[in-house]
Asks: 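Here you go, one structure.
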Amino acid sequence: MVTPPLGQGVGYGIVIGLGFAFALGMILTTFVLKRYNNELQTSEMFSTAGRTVKSGLVASAVVSSWTWAATLLQSSGVAYRYGVSGPFWYASGATVQIILFATIAIELKRRAPNAHTFLEVIRARYGAVTHIVFMVFGIFTNILVTSMLLTGGSAVVTSLTGVPTAAACFLLPVGVVLYTMFGGIKATFLTDYAHTVVILVILLTFAFTAYATSNTLGSPGVVYDLLVKAAKAHPVEGNTGGSYLTMRSKEGAIFFVINIVGNFGTVFCDNGYYNKAIAASPVDALPGYIMGGLSWFAIPWLAATTMGLAALALEGNPVFPSYPNRMADADVSAGLVLPTAAVALLGKGGAVATLLLVFMAVTSAMSAELIAVSSIFTYDFYQTYFNPAATGKQLIYMSHIMVVGFAIAMAAWSTALVYIGISMGYLYLLMGVIISSAVLPATLTLMWSKQNWYAATFSPILGFACALVAWLVTAKKQGGKLDVHTTGANNPMLAGNVVALLSPLIFVPIFTYALGPQNYDWVSMKAIRKGDDHDLAAAANIDLELLPGERNNSIAEEAEEQAKLTKASKIARYMTVFMTLALLVLWPMPMYGSGYVFSKKFFTGWVVVGILWMFCSAFCVGLYPLFEGRKTSSHTIKCIFLDITGKKKFGKITHGQAQAVEVSGTGTPTEKAGELVEEKS
């Protein structure tokens, strides 16, 4: 057992202290937005941020909520196991889903402009039974993702500080629950931005340390030589020549397929991604998701190319924590490659940086899951089946209860998983088996008018049953018994994942054409209404029409918005086809097929491209949102200054007399609206 490099006090300090710091920051931000920008915390604002979020913030939120603990920990683990192919397979296999989701995001904005969750859309088209089926799959997705976040995050906190795993599972969500309750989805967008910036800075620090300044490594050439040496000492079975420096990796390719399938489930069935699409202003959904997807690619690619390969390069060096032994397979599966490499590279500083990194990854992704679950229970469960006439106050109350309830339940569940030996790596491979059978029927609900009720209702259930059979039968046949080790092997997981995603390709056409296509007209989706927040607005003495996203558009504005969304839909389809082919076929497959082993120059170029891509990501999700929100920021700062100096009083907002606020993204933003606001303020 390796002694933790940091004391328990540091662990508790970061997990609790930073959590409360973020919570305090968000409570303050919520107060400022309400006082100076008319942002009252209504049920609509809590779940949709008034549908006014711009593309830069959408991109940073996509990057943040897609940067799980697994993104950093699992990708470094596959780099450690399979070499340079692992980071690329991880990154490309999980980027295409975000880019493909851009098409769904546009269709959702176009076909159901007032929806709060994708499940409302399912119910509008197919009714209660189908709605409940997809609700189960949606909640399964949120449970799996949150389990991965907490099991991976707690394992790292325990290994670096010695804080008991159960304590880490229960304490990691505390700060997230507080700021999510006070700020709703707007809070998650703002904290996502802060988290993303911290993550990018730490990863760039790791990269420059490993490839430029470290005394033990210090250049791509040194890392290359040590990887060649490592391949001679313990060659990788299934890789060309046993090398860590080739894209031709049999086990890596199996992981690639599992990764693609599983991540389709966690994007297309996770209400969190639909929440972000719903919260985006109509013209900002497409650029937000495209920028977010491409920016995210660099994170697992560079993180794992740096830390996974650094672990391989350093394990023969006395600075390596487990020297002279290699890392245990259970530790690799638990996600401990990155923290081990960080300690080897930077000592205690590396341990603190990793703790910060994992804290940011866990909390930012978890806030998205909390909002996703609370909106499902609030709108799809409570309002739909128990209280259709719910007031805004009741909806907010229900949202708060669900945020707290889900966090407590998941902390207990994740603790149980850790104690029975289910690691983050196991859950990562399993997620596609459980949820991916719902991907195709959910997508076709928005994309194909002919899919009928039977296809939408029964395909996910039958696909799930087939996937379980394929997974467990393969595990029993190959391993001789069913336990965590045999069911967690690559081949059974591959069988289950592929059957889950592809079986609806058979079921959907059979049900649709055997029992008659639906020929849906899309009208009932447009009939979904916003929550009624008049009671909250009246209590705060604010005209509801003045709140962001609450103004009703004219017929001409609606037509203009629909025209822009139709154009964005066409662009999204072309863009997604091109990017998918580029990332899955045109770039990796020639290198895989040829079995090319990287030369030292090629490896150096590979690393440099990764670092440059990360800088582009930093611009897209770090600097661009600041530029985009410059008017709102300057307006708010000016108001705070006038308020503090007593030159102007704020907070007394009566009907029709609200203080000036930049109306960015209300419907389709126009220059005129912006100019009007600037004149007023």
Asks: Parallel, tilted or perpendicular, judged at 30° and 60°: which one describes the rings of Trp66 and Trp68?
Replies: perpendicular
Asks: Taking the side chain as C-beta and beyond, is there a heavy-atom pair between Ile422 and Thr151 under 4.5 Å?
Replies: no
Asks: Look at the side chain of Thr487 and the backbone N and O of Trp471, then say whether any donor-acceptor pair between them is shorter than 3.5 Å.
Replies: no
Asks: Is there a donor-acceptor pair under 3.5 Å between the side chain of Thr384 and the backbone N or O of Tyr379?
Replies: yes
Asks: Can you tell me if Ser437 uses its side chain to pair, donor with acceptor, with the backbone of Ala500 under 3.5 Å?
Replies: no
Asks: Please check if the side chain of Arg248 supplies one atom and the backbone of Tyr592 the other of a donor-acceptor pair under 3.5 Å.
Replies: yes
Asks: Do the side chains of Glu251 and Ile254 get nearer than 4.5 Å, heavy atoms only?
Replies: yes
Asks: Should Ile461 and Phe464 count as side-chain neighbours, where that means a heavy-atom distance under 4.5 Å?
Replies: no
Asks: Just by modelled atom types, is the Phe268 backbone N or O under 3.5 Å from a matching donor or acceptor in the Tyr274 side chain?
Replies: yes
Asks: Below 30° counts as parallel, above 60° as perpendicular, anything between as tilted: where do the rings of Tyr90 and Trp296 land?
Replies: tilted
Asks: Got a sec, which pairs hit ring-ring contact (aromatic ring centres under 6.0 Å, His included) with one end in residues 137-156, sequence neighbours left out?
Replies: none
Asks: Tell me every residue that passes salt bridge (Lys or Arg N to Asp or Glu O under 4.0 Å) with Arg81, counting only those two or more places apart in sequence or in another chain.
Replies: Asp329
Asks: Taking Ile122's backbone N and O only, do any of them form a donor-acceptor pair with Thr445's side chain (distance below 3.5 Å, no angle check)?
Replies: no
Asks: Going by side chain to side chain donor-acceptor pair (under 3.5 Å), Thr117 matches just one of Thr378, Asn271, Asp380. Which one?
Replies: Asp380
Asks: Any luck finding a side-chain donor-acceptor pair between Thr457 and Thr130 under 3.5 Å?
Replies: yes
Asks: Could you tell me which non-hydrogen atom of Phe101 sits nearest to which non-hydrogen atom of Tyr273, and how far apart they are?
Replies: CE2-O, 3.5 Å
Asks: Tell me if a side-chain donor or acceptor on Thr180 pairs with a main-chain N or O of Val177 at a distance below 3.5 Å.
Replies: no
Asks: Going by heavy atoms in the side chains, are Leu72 and Leu203 under 4.5 Å from each other?
Replies: yes
Asks: For Gly479 and Thr486, work out which heavy atoms get closest and say how close.
Replies: CA-CG2, 3.7 Å
Asks: Evaluate the side-chain proximity of Trp613 to Leu302: yes if any heavy-atom separation is below 4.5 Å, no if none is.
Replies: no
Asks: Just by distance, do the side chain of Gln451 and the backbone of Pro441 share a donor-acceptor pair under 3.5 Å?
Replies: yes
Asks: Ion pair present between Arg110 and Glu107, side-chain N to carboxylate O less than 4.0 angstrom?
Replies: yes
Asks: What pair of heavy atoms forms the shortest contact from Ser374 to Val403, and how long is it?
Replies: CB-CG2, 3.8 Å
Asks: I'd like to know whether NE2 of His485 has more than 12 heavy-atom contacts from other residues, nucleotides or ligands below 6.0 angstrom.
Replies: no
Asks: Of all the heavy-atom pairs spanning Thr196 and Ser60, show the shortest one and how long it is.
Replies: OG1-O, 3.3 Å
Asks: Of the non-hydrogen atoms in Ala94 and Asn263, which two are nearest, and what is the gap between them?
Replies: CB-ND2, 3.4 Å
Asks: Apply side chain to side chain contact (heavy atoms under 4.5 Å, CB included) to residues Leu501 and Phe264 and explain how you reach the verdict.
Replies: CA-CA 8 Å; Leu501 186 67; Phe264 265 111; 4.1 Å; yes
Asks: Look at the rings of Phe88 and Phe297 and say which category their plane angle falls in: under 30° parallel, 30 to 60° tilted, over 60° perpendicular.
Replies: perpendicular
Asks: Can you name the closest pair of heavy atoms from Ala342 and Thr354 and give their distance?
Replies: CB-OG1, 3.1 Å
Asks: If you count every heavy atom of other residues, nucleotides or ligands that lies below 6.0 Å from Met591 atom CE, does the total exceed 12?
Replies: yes
Asks: If you define the side chain from C-beta out and look only at heavy atoms, does anything of Asn490 sit under 4.5 Å from Leu494?
Replies: no
Asks: How long is the span from the CG atom in Asn497 to the CE atom in Met431, to the nearest 0.5 Å?
Replies: 8.0 Å
Asks: Is the side chain of Trp587 donor-acceptor paired with the backbone N or O of Ala582 at a distance under 3.5 Å, no angle test?
Replies: no
Asks: State whether the side chain of Tyr82 and the backbone N or O of Phe255 hold a donor-acceptor pair below 3.5 Å, judged by distance alone.
Replies: no
Asks: Given side chains that start at C-beta, do those of Ser154 and Val157 come closer than 4.5 Å, heavy atoms only?
Replies: no
